[in-house]
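Report on the structure given below.
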Amino acid sequence: MSSSEVVFGKVSKIVCVGAGYVGGPTCAMIAHKCPNVTVTVVDMNAAKIAEWNSDKLPIYEPGLDEIVFKARGKNLFFSSDIPNAIAQADLIFISVNTPTKMYGRGKGMAPDLKYVESVSRTIAQYAVGPKIVVEKSTVPVKAAESIGCILREAQKNNANLKFQVLSNPEFLAEGTAMKDLANPDRVLIGGESSPEGLQAVAELVRVYENWVPRDRIITTNTWSSELSKLVANAFLAQRISSINSISAVCEATGADISEVAHAVGYDTRIGSKFLKASVGFGGSCFQKDVLSLVYLCESLNLPQVASYWQGVIDINNWQRRRFADKIIAELFNTVTDKKIAIFGFAFKKNTGDTRESSAIYVMKHLLEEHAKLSVYDPKVQKSQIVGDLESVVKAQDVARLVTVETDPYQAALGAHAIVVLTEWDEFTELNYQQIHDNMQHPAAIFDGRLILDQKTLRDIGFRTFAIGTAPDQAYNLFGTAGY
Ligand SMILES: NC(=O)c1ccc[n+]([C@@H]2O[C@H](COP(=O)([O-])OP(=O)(O)OC[C@H]3O[C@@H](n4cnc5c(N)ncnc54)[C@H](O)[C@@H]3O)[C@@H](O)[C@H]2O)c1
Ligand SMILES: O=c1ccn([C@@H]2O[C@H](COP(=O)(O)OP(=O)(O)O[C@H]3O[C@H](CO)[C@@H](O)[C@H](O)[C@H]3O)[C@@H](O)[C@H]2O)c(=O)[nH]1
């Protein structure tokens, strides 16, 4: 092609394959900000598409309903007709899941790319005319090469087909997805430096330029873009593991993790964000993407780099275990048949998502000790909680030992302890005097999120433990001082 030949014209029809946590919100935002573009989100899960077309959307995300209800039926559509949508599109986002592979080569480490490959083959089968194909899913470096290879094969048999594969990873965080999409720190687009590649990049830039300042749209080569997504998540997860590792030092010495994080984060070179100690990071991305980086480094014969990043995961698992062990130790070394209230099951506040939530693992450890757990989460359904626990503990034990309540006061009624595992704002506003009055005594609270005021709770009569905080000598009812 000559540099002046136009292969990829102005994008007016966008299709997104994958109507999940990324595809749904991202396309709702594009439709909202680009009234002249028609956006169709397709998925092989017809039930999910029906939910996207209903009054109750399949995911909870602050601000999402409003935008979807405004744009739906105008320039935003949800459909199960994948072939037709692909045939019509100028630009196709691949936004399907890339979970950690649970079988065969790379089991427990590599991302499973079968859904990405399957979409590539579907595009190759139903495409007509030129298409810009955009990796939105998080993938390992060089995934675009595999997608391109499948698409080029289709091109050989049909001269009208033209494809360019771009990388455009998503950086939204759940719970703040709509804010992140409306005002991203940056948009990253990777592509080829050929004339066709540059044209495709320019067309995707043009879409984002509808609301993102041009200087926040970064363009790179394809492999830099793919790798940057993994590295961004690895750095973020690393900060949490770093602060969590120091939380153990605080507990053993009398330093306070919030004070340390504040003092350290005040250095502008370090920065204050993502330094909140916790019961460990959860969510569908951090563990999966760090493991993907570790696997990539092992494949590239870089074992030192692999083991450096593996440490981030090891600390996270250790922190979850450490917190559960602390609960058991402080409840007089036995939780057998003791009722323990679990406040929060989602992996963070303002989402109903439970994927890789630390709650699953802390509860697993407690269930192995035969604790009776009573769970309350404002946004997670009972079926989800039971299903998640059944993936780590025998179903009969879940049935025998776990109850799910729709009210935190009910969850804490008659309990020996409360364990806070998600930082929902409403947990800070409960009447802890009333809760304490209706618990077994001595009553304990374990704050895995550092959201409760320990002094107030102690004044009420609670025995308290918070991550990264040594029990105050004056209130050291646990008798764990040793420093
Ligand atoms: N969840 C996040 O906050 C987030 C943020 C940034 C990036 N990502 C990345 O984005 C990707 C998608 O994540 P998600 O959380 O939206 O996943 P998800 O599981 O919520 O959604 C994926 C959807 O793809 C559909 N799908 C799978 N294969 C398909 C096929 N062949 N044809 C049609 N539909 C198909 C599934 O039915 C599902 O509805 C992942 O690679 C993830 O790592 C996620
Ligand atoms: O200081 C902190 C910050 C976060 N967390 C925990 O870390 C996990 C992940 O939180 P967050 O990153 O806010 O949510 P995610 O939706 O998982 O978003 C991450 O993963 C996405 C998927 O790749 C990326 O797009 C986002 O940029 C990246 O922040 C949660 O369990 C949080 O509670 C902490 O424990 N301490």
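Remember, it's 1-based here, ligands and their atoms both numbered in the order they're listed.
- Using a cut-off of 4.0 Å between Lys/Arg side-chain N and Asp/Glu carboxylate O, Asp289 and Lys229 are scored as not salt-bridged.
- In this structure, the ring of Trp52 has its center no less than 6.0 angstrom from the ring center of Phe77.
- Protein residues having a heavy atom under 4.0 Å from any atom of ligand 2 are Glu170, Phe171, Leu172, Ala173, Glu174, Lys229, Asn233, Leu236, Ile240, Phe274, Leu275, Lys276, Ser278, Phe281, Gly282, Cys285, Phe286, Asp289, Phe347, Lys348, Arg449, listed by chain and number.
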Would His262 and Tyr266 count as a ring-ring contact (aromatic ring centres under 6.0 Å, His included) here? Give the steps. CA-CA 6 Å; His262 181 68; Tyr266 230 77; 5.2 Å; yes
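- By the 3.5 Å distance cut-off applied to N or O atoms, Asn45 is not counted among the residues near ligand 1.
- No donor-acceptor pair under 3.5 Å is formed between the side chain of Asn168 and the backbone N or O of Glu135.
- Not one N or O of Glu170 is nearer than 3.5 Å to an N or O of ligand 1, by distance alone.
- Among all non-hydrogen protein atoms, the one lying nearest atom 32 (N) of ligand 1 is Val17 CG1, 3.7 Å.
- Remark: minimum distance from atom 31 (N) of ligand 1 to any protein heavy atom is reached at Ser118 OG, 3.3 Å.
- Less than 4.0 angstrom separates some heavy atom of Lys48 from each of these atoms of ligand 1: 38 (C), 39 (O).
- If you check which protein heavy atom lies closest to atom 14 (P) of ligand 1, you get Tyr21 N, 3.9 Å.
- Between the side chains of Glu226 and Ser167, not a single donor N or O lies within less than 3.5 Å of an accepting N or O.
- Closest to atom 33 (C) of ligand 1, if we only count protein heavy atoms, is Met44 N, 3.3 Å.
- In terms of protein heavy-atom proximity, atom 23 (C) of ligand 1 is closest to Asp43 OD2, 3.5 Å.
- With 3.5 Å as the limit, one finds no donor-acceptor pair spanning the side chains of Gln88 and Thr38.
- Between Thr351, Val96, Asp353, it is Val96 that holds the heavy atom closest to atom 26 (N) of ligand 1.
- A side chain to side chain contact (heavy atoms under 4.5 Å, CB included) with Ser12 is found for one member of Leu91, Val37, Asp90 and no other, namely Asp90.
- Scanning the protein for heavy atoms near atom 43 (O) of ligand 1, the closest one is Lys288 NZ, 2.6 Å.
- For the 3.5 Å distance criterion, the side chains of Asp112 and Tyr103 qualify, holding a donor opposite an acceptor.
- Residue, atom and distance of the protein heavy atom nearest to atom 1 (N) of ligand 1 are Glu174 OE2, 2.8 Å.
- The nearest pair of heavy atoms linking Gly175 to Thr351 is N-CB, 4.5 Å.
- In summary, Lys379 and Glu61 do not engage in a salt bridge, as defined by a charged side-chain N under 4.0 Å from a carboxylate O.
- Closest to atom 8 (N) of ligand 1 by heavy atom, among Val22, Asn233, Ile49, is Val22.
- With hydrogens left out, the protein atom closest to atom 27 (C) of ligand 1 is Asn97 OD1, 3.3 Å, a heavy atom.
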